[in-house]
*Asks:* 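Take a look at this one; I'll ask things after.
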Amino acid sequence: MTERHAITRVRHPLKMRRLEVARVENLTPHMVRVTLAGPDLEGFVSAAPDDHVKLFFATSDGSLNLPTFGDNGPVYADGEHSPSRDYTPRRHDPIANELDIDFVIHGDGPASSWAETARPGDVLHVGGPRGSMVVPDDYDHYVLVGDATALPAIGRWLEEMPASREVTVFVEVASPAERQTLARDVRWFVPGESPTLDEALAALPIPPGDTFWWVATESKRARALRSLLVETRGIDKDWVKATGYWQAA
């Protein structure tokens, strides 16, 4: 990696925040935006579009067993731990003290179940982000690839990048109704249609100049797409970030 494209890793003080739901908005049939607010958001920092925070939910008996954060990471009291899930901070407004989190509603799991019934006044505990990996905005081109779980990061990235930057965006969603209006043009893919997202990425001409490639999908698929880019297409591994956002059963 050249110094011009050096990625910066930033650490943030780890804090547990007790926030309340201010608003709930249905973005698509299976994507819900929950706006959280509260004085605990004071000092919140998210320096990269694909940062993640941990959201903590009630245990099987409806109670909370939240961790405390020490030098060795989270420490829980005895008993069942509150389940946690990683989510992207979609929007943070430090003036209004608001934080948006977008949830894919998929019918199971503590996060999806909570978001499906979330109402103003509900409480959610949020930890992090622990750190950020800041990709510089000095590449000539960016290629952003993901499924529905990557939409919050992609949407934020498109809003925050300089308007002069060239970007190609491939997103796979479950149906045409799940498409969102984003800040830049998106090429949408639906399973069962041709070409698939994977096929389109394999055939995409490599843009001129220096390009950063970002992929976020199911874990095995993310590894396969990284291999496609680095091993098959010969792209510099330092210019590719592929992350598994979820695991297939």
Side-chain angles (χ1 to χ4, degrees), residues 25-34 49-50 52 85-88 90-91 100-109 111-113 115-116 135 139-161 163 165-208 211-235 237 239-249:
E25 178 185 1
N26 292 314
L27 301 177
T28 69
H30 292 93
M31 180 77 83
V32 171
R33 174 166 296 164
V34 177
D50 59 347
H52 68 267
R85 296 293 185 270
D86 291 345
Y87 275 81
T88 300
R90 177 62 177 83
R91 178 192 68 95
D100 286 350
I101 305 289
D102 291 355
F103 295 80
V104 176
I105 304 301
H106 49 77
D108 59 0
S112 176
S113 298
E116 194 168 9
V135 176
Y139 284 89
D140 301 300
H141 200 108
Y142 294 78
V143 178
L144 310 179
V145 178
D147 59 20
T149 63
L151 271 172
I154 290 174
R156 180 176 161 185
W157 205 321
L158 296 178
E159 291 171 2
E160 295 180 0
M161 70 168 45
R165 291 294 175 263
E166 296 292 332
V167 60
T168 299
V169 187
F170 288 177
V171 179
E172 181 183 278
V173 289
S175 73
E178 295 302 320
R179 298 170 181 169
Q180 298 181 24
T181 300
L182 301 180
R184 301 282 195 101
D185 290 338
V186 175
R187 184 174 177 184
W188 298 96
F189 298 84
V190 175
E193 296 182 356
S194 182
T196 66
L197 180 150
D198 304 53
E199 291 168 344
L201 185 61
L204 178 70
I206 296 177
T211 299
F212 186 80
W213 305 72
W214 183 90
V215 176
T217 61
E218 191 277 331
S219 292
K220 289 183 180 178
R221 189 181 190 188
R223 290 195 296 271
L225 291 176
R226 185 184 190 281
S227 177
L228 164 70
L229 295 173
V230 174
E231 299 174 16
T232 303
R233 307 206 63 187
I235 295 166
K237 62 181 177 59
W239 293 359
V240 177
K241 182 182 180 184
T243 307
Y245 269 22
W246 58 282
Q247 287 187 328

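One is the number of the first residue; the rest follow in order along the sequence.
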*Asks:* Do V104 and D147 have side chains that get closer than 4.5 Å, going by heavy atoms?
*Replies:* no

*Asks:* With no hydrogens and no angle check, is any side-chain donor or acceptor of E218 less than 3.5 Å from a backbone partner on K220?
*Replies:* yes

*Asks:* Are any non-hydrogen side-chain atoms of V169 and L158 less than 4.5 angstrom apart?
*Replies:* yes

*Asks:* Tell me, do V143 and L204 make a side-chain contact under 4.5 Å, heavy atoms counted?
*Replies:* yes

*Asks:* Atom CD in E199, atom CG in L228: separation rounded to 0.5 Å?
*Replies:* 11.0 Å

*Asks:* Mind listing the closest non-hydrogen atom pair of Y139 and V135 along with its distance?
*Replies:* CE1-CG1, 4.1 Å

*Asks:* For the pair L225 and L201, evaluate side chain to side chain contact (heavy atoms under 4.5 Å, CB included) and give the outcome as yes or no after the intermediate values.
*Replies:* CA-CA 8 Å; L225 291 176; L201 185 61; 4.0 Å; yes

*Asks:* Between A153 and Y245, which heavy-atom pair has the shortest distance, and what is it?
*Replies:* CB-OH, 4.0 Å

*Asks:* Taking all atoms of both residues into account, what is the closest heavy-atom pair of G146 and A150, and its distance?
*Replies:* CA-CB, 3.8 Å

*Asks:* If I take atom OG1 from residue T211 and atom CG from residue L229, how far apart are they, to the nearest 0.5 angstrom?
*Replies:* 11.0 Å

*Asks:* Could you tell me the separation between the CD1 atom of I206 and the CD1 atom of I235, rounded to the nearest 0.5 Å?
*Replies:* 4.5 Å

*Asks:* Mind checking whether V190 and P176 have side chains closer than 4.5 Å, heavy atoms only?
*Replies:* yes

*Asks:* What are the two closest non-hydrogen atoms of F189 and P195, and how far apart are they?
*Replies:* CD2-O, 3.4 Å

*Asks:* Short question: side chain of T88, backbone of D50 - any donor-acceptor pair under 3.5 Å?
*Replies:* no

*Asks:* Return the orientation label for the F212 and Y142 ring planes: parallel under 30°, perpendicular over 60°, tilted otherwise.
*Replies:* tilted

*Asks:* Drop me the distance from S112's OG to R85's CZ, to the nearest 0.5 angstrom.
*Replies:* 10.5 Å

*Asks:* Taking the side chain as every heavy atom from C-beta outward, state whether R226 and V215 have any pair of such atoms under 4.5 Å apart.
*Replies:* no

*Asks:* Below 4.5 Å, heavy atoms only, C-beta onward: do R221 and L197 meet side chain to side chain?
*Replies:* yes

*Asks:* For the residue pair M161 and V167, establish whether any side-chain heavy-atom pair is separated by less than 4.5 Å.
*Replies:* yes

*Asks:* Report the relative orientation of the aromatic rings in F103 and Y87; use parallel for angles under 30°, tilted for 30 to 60°, perpendicular for over 60°.
*Replies:* tilted

*Asks:* Where do G244 and A222 come nearest, in terms of heavy atoms and distance?
*Replies:* N-CB, 4.0 Å

*Asks:* Under 4.0 Å between a Lys/Arg side-chain N and an Asp/Glu carboxylate O for R90 and D100?
*Replies:* no

*Asks:* Mind checking the CE-CZ spacing from M31 to R179? Nearest 0.5 Å is all I need.
*Replies:* 14.5 Å

*Asks:* Determine which pairs satisfy salt bridge (Lys or Arg N to Asp or Glu O under 4.0 Å) with at least one residue from residues 182-192, sequence neighbours left out, and list them in order.
*Replies:* none

*Asks:* Starting at OG1 of T149, measure out to CD1 of I154 and round the result to the nearest 0.5 Å.
*Replies:* 8.5 Å

*Asks:* Would you check if the side chain of Q180 reaches a backbone N or O of T28 as a donor-acceptor pair within less than 3.5 Å?
*Replies:* no

